[in-house]
Amino acid sequence: MARANTQFVKRIQDIMRNDPGINGDAQRIEQLSWILFLKVYDDREMIWEISRDNYLSIIPAGFHWHEWAVDNKDGQSLTGDELLDFVNNKLLPALKEITVTPDTPISKAIVKDAFIDANNYMKNGILLRQVLNVVNDVDFTDPKDRHLFNDIYEGILKELQSAGNSGEFYTPRALTDFIAETLKPKLGEKMADLACGTGGFLTSTLNLLRPQVKTVEDRDQYNHAVFGIEKKGQPYILAVTNLLLHDVDDPDIIHGNSLERRVTEYEDDEKFDIIMMNPPFGGSELPIIKQNFPNDLQSSETADLFLALIMYRLKDNGRVGIILPDGFLFGDDGAKTNIKKRMLHDFNLHTIIRLPGSIFSPYTSIATNILFFDKTKPTEETWFYRLDMPKGYKHFSKTRPMKLEHFDPVREWWNNRHEIKEGDNYKSRAYTVKELEDNNYNFDLCGFPTETEEVLPPQELMQQYSQERAQLNAQIDKTLGAIKQLLEEDD
C-alpha cells in the first residue's frame with residue numbers, strides 16, 4: 001500500500017516537474033487538490049444518482065469530470081492547447097460562477113466553495129492530460145481503490161506539511177487519533193474543528209464513529225457528525241475531499257474565518273458537544289477581528305482567540321482537546337491570564353499533556369501541549385503529565401514521525417493518575433486552582449528539564465520573535481489605553 005502511495009505521488013511529481021507553470025510543492029499540491037476533488041465528486045455523484053430520487057447535479061452540463069477529463073483512447077479527448085483553453089476559460093470560470101442559495105444542499109454548495117480560490121498553474125496541456133489520466137486510474141467507488149487512496153492522501157498531506165508557514169502545519173495523525181480516542185465521540189454528538197485545515201480531526205472522529213453505524217438512522221447521524229471551518233482555499237478542498245472519501249455525503253465544512261463573528265452572538269444550536277483543534281499559532285489578527293471578543297480576551301495571538309472562541313461555542317457538558325504552544329502556558333499578557341482564569345472558573349481544565357518538542361519536526365520545533373477541558377463544573381485540580389521522547393528516539397523527524405503507540409504511557413496513566421517525581425522535577429502532578437493562581441497563572445509545570453539552549457534556524461527564530469513581539473505589543477497597547485483613559489478623564 002505504501003508503495004502504491006509512493007508510485008502515485010511520484011508519477012504526479014515527475015509529470016508536473018516538467019511543466020513551466022508549476023513552481024514548487026505548494027503549487028503542485030494546490031493543482032492536484034482541485035483535480036482530485038472533481039474526480040472524487042464525480043464518482044460520488046454516480047452513487048447519488050442511484051440512491052437519490054431525481055438527483056440533479058449543480059455542475060453545469062459539459063463540466064463533469066466524466067464529460068471532459070476521461071480519455072477513452074479514441075483520439076477525441078481534450079489535450080494540448082485545447083485542454084488548457086477549456087480549463088482556463090470555461091471549466092474554472094463556470095465552477096466559480098455556480099449559483100448557491102441558502103436552500104442549496106451542502107453536498108452541492110461545496111462545489112462553488114471549493115473553486116472560489118482554485119487556479120490552474122499548468123501551462124503544458126499535454127502534461128495536464130497525463131496528470132488527468134493518472135488520477136482517472138483510481139476508482140473511488142471501488143472499496144479497494146478507496147482504501148489505497150486513503151494512503152495516497154496521507155502522503156499528499158505530509159507533503160503539504162513541508163509547505164507549511166505562519167504556524168500552520170499538518171497535524172500528525174497520531175495526535176489527531178489520540179485526542180479523538182481520548183474524547184470518545186458517540187453517534188448523535190456533534191464534533192467541530194473551528195480551523196480544520198485538511199480535516200485530520202474530522203476524519204479521526206469519523207473513523208471512531210464508523211463502527212457504531214448499525215441502522216439507517218445511525219447512518220444519517222454519521223453523515224452529520226462533524227463540522228469544520230477553514231479559511232484557506234486549498235486546505236478547504238482537501239478537507240471536503242477527505243470527508244467525501246469517508247462516506248460523508250454532506251460535508252459540513254465552511255470556507256471562511258471562524259473569528260469574523262462576535263462570539264456573544266452564538267445561539268445554542270451553533271454550539272458543539274466536542275471540539276478538537278490545532279489552531280494556527282504565531283499569527284496575529286486585524287484589530288477589527290479582535291473586536292469580536294470581550295475586551296478582557298482581546299489577544300494579539302491567533303491561538304488565544306481560538307481558545308476564547310471555543311468557550312463560546314461549547315455546549316454544557318461538552319468536552320475539548322486542543323493543541324497549544326508553550327507560549328500560552330507561561331504567557332502573562334492580560335488576555336492570556338484572563339483566558340486562563342475563565343478556563344479554571346467556568347470550565348473544568350482537568351488535564352494538560354506536555355508534548356515532546358519535535359512532534360512537528362522538521363517543520364517547526366515549537367513545543368506544544370494538549371489541553372483537555374470540559375464544561376461540566378469549575379476546575380478543582382489540573383493534572384499535568386509530561387510525555388517523554390520514546391526510547392530509541394532523540395527526536396521525531398519526517399522519516400520517523402510520532403506514532404499512536406508513543407502515547408501508550410499517557411493511556412496507562414490516564415485512568416490511574418498518580419504523582420511521578422524524577423529527581424527535582426515532576427513528570428506528573430495535580431495542582432489545585434489556588435496553587436495555579438498563586439503561581440500567577442503560569443502553567444509551565446511538569447516541563448522538560450533544560451540542559452542546553454537550542455540554537456534555532458532563522459525561520460524558527462523569526463517565528464519566536466514574532467510571538468514575543470505580539471505579546472509586547474499587547475502590553476504596550478494596554479498601557480497606552482490606560483494612559484489615554486487617564487488623559488480623557490483629566491479633560
Side-chain angles (χ1 to χ4, degrees), residues 1-2 5-6 150-151 154-155 157-162 164 169-184 200-201 203-205 207-208 276-278 281 321-330 350-372 382-430 443-457 460:
M1 190 173 285
N5 166 18
T6 305
N150 281 335
D151 196 53
E154 284 292 308
L157 297 186
K158 285 176 182 174
E159 287 199 357
L160 181 64
Q161 184 177 4
S162 66
F169 301 93
Y170 160 83
T171 308
R173 194 59 59 238
L175 263 176
T176 63
D177 283 350
F178 171 73
I179 292 174
E181 168 196 289
T182 303
L183 294 179
K184 295 181 172 59
F201 280 110
T203 54
S204 287
T205 299
N207 289 337
L208 293 176
M276 305 181 204
M277 286 190 70
N278 178 18
F281 41 79
I322 181 171
I323 300 168
L324 290 172
D326 269 6
F328 173 78
L329 296 195
F330 54 71
H350 55 81
T351 313
I352 295 178
I353 306 295
R354 311 298 304 269
L355 295 172
S358 60
I359 282 185
F360 292 91
S361 181
Y363 311 110
T364 179
S365 58
I366 291 174
T368 53
N369 313 268
I370 311 173
L371 276 63
F372 290 102
T382 302
W383 275 97
F384 287 73
Y385 180 93
R386 186 186 75 233
L387 178 62
D388 293 320
M389 194 68 68
K391 287 182 181 177
Y393 283 72
K394 286 188 176 178
H395 55 79
F396 296 117
S397 65
K398 192 174 182 179
T399 53
R400 295 186 80 196
M402 188 174 203
K403 299 176 182 177
L404 186 56
E405 56 261 33
H406 293 151
F407 280 101
D408 284 349
V410 188
R411 289 160 155 164
E412 292 167 15
W413 168 87
W414 190 272
N415 292 318
N416 180 27
R417 301 187 175 204
H418 56 284
E419 191 174 286
I420 305 171
K421 193 171 185 183
E422 297 176 346
D424 294 331
N425 298 311
Y426 284 99
K427 176 180 169 69
S428 172
R429 190 192 154 188
F443 291 178
D444 187 18
L445 302 164
C446 297
F448 294 86
T450 305
E451 294 176 1
T452 56
E453 186 175 349
E454 182 180 10
V455 179
L456 298 175
E460 295 295 324

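- Ring geometry for Phe178 versus Phe407: interplanar angle under 30°, hence parallel rather than tilted (30 to 60°).
- For the pair Leu183/Phe372, a side-chain contact is recorded, criterion being any heavy-atom separation below 4.5 Å from C-beta on.
- Residue Phe396 holds its CZ atom at 5.5 Å from NE2 of His406, rounded to the nearest 0.5 Å.
- The side-chain heavy atoms of Tyr385 and Ser428, taken from C-beta on, include a pair separated by under 4.5 Å.
- Rounded to the nearest 0.5 angstrom, Arg386 CZ and Ile420 CD1 are separated by 9.0 Å.
- In terms of heavy atoms, Pro325 sits closest to Ile366 at CB-CG2, 4.0 Å.
- With a 4.5 Å cut-off on side-chain heavy atoms, Lys427 and Asp388 count as touching.
- Taken to the nearest 0.5 Å, the CE atom of Met389 stands 11.5 Å off from the NZ atom of Lys394.
- Trp413 places a side-chain heavy atom less than 4.5 Å from the side chain of Ile353.
- Asn278 is not listed as a side-chain neighbour of Thr176, based on a closest heavy-atom distance of 4.5 Å or more.
- Leu371 contributes atom CG, which lies 10.0 Å from atom NE2 of His350 (distance to the nearest 0.5 angstrom).
- Exactly one residue among Val410, Asn369, Leu387 makes a side-chain contact (heavy atoms from CB on, under 4.5 Å) with Leu355. That residue is Leu387.
- Under the 4.5 Å side-chain criterion, counting only non-hydrogen atoms from C-beta, Thr171 is not in contact with Met276.
- Within the structure, salt bridge (charged side-chain N to carboxylate O under 4.0 Å, His left out) pairs that include any residue of residues 350-359 comprise Asp326-Arg354, Arg354-Asp444 (at least two apart or interchain).
- The side-chain contact (heavy atoms from CB on, under 4.5 Å) test with Ile370 is passed by exactly one of Leu175, Ile352, Ile322: Leu175.
- Of all heavy-atom pairs between Arg417 and Thr351, the closest is NH1-OG1, 2.8 Å.
- Here the side chains of Tyr426 and Leu445 are not in contact, with every heavy-atom distance at 4.5 Å or above.
- Between the CZ atom of Arg400 and the NZ atom of Lys403 there is a distance of 7.5 Å, given to the nearest 0.5 Å.
- Atoms CG and CD, on Asp424 and Glu422 in that order, are 11.5 Å from each other to the nearest 0.5 Å.
- Ile359 has its side chain within reach of Pro172: a pair of non-hydrogen atoms, C-beta onward, lies under 4.5 Å apart.
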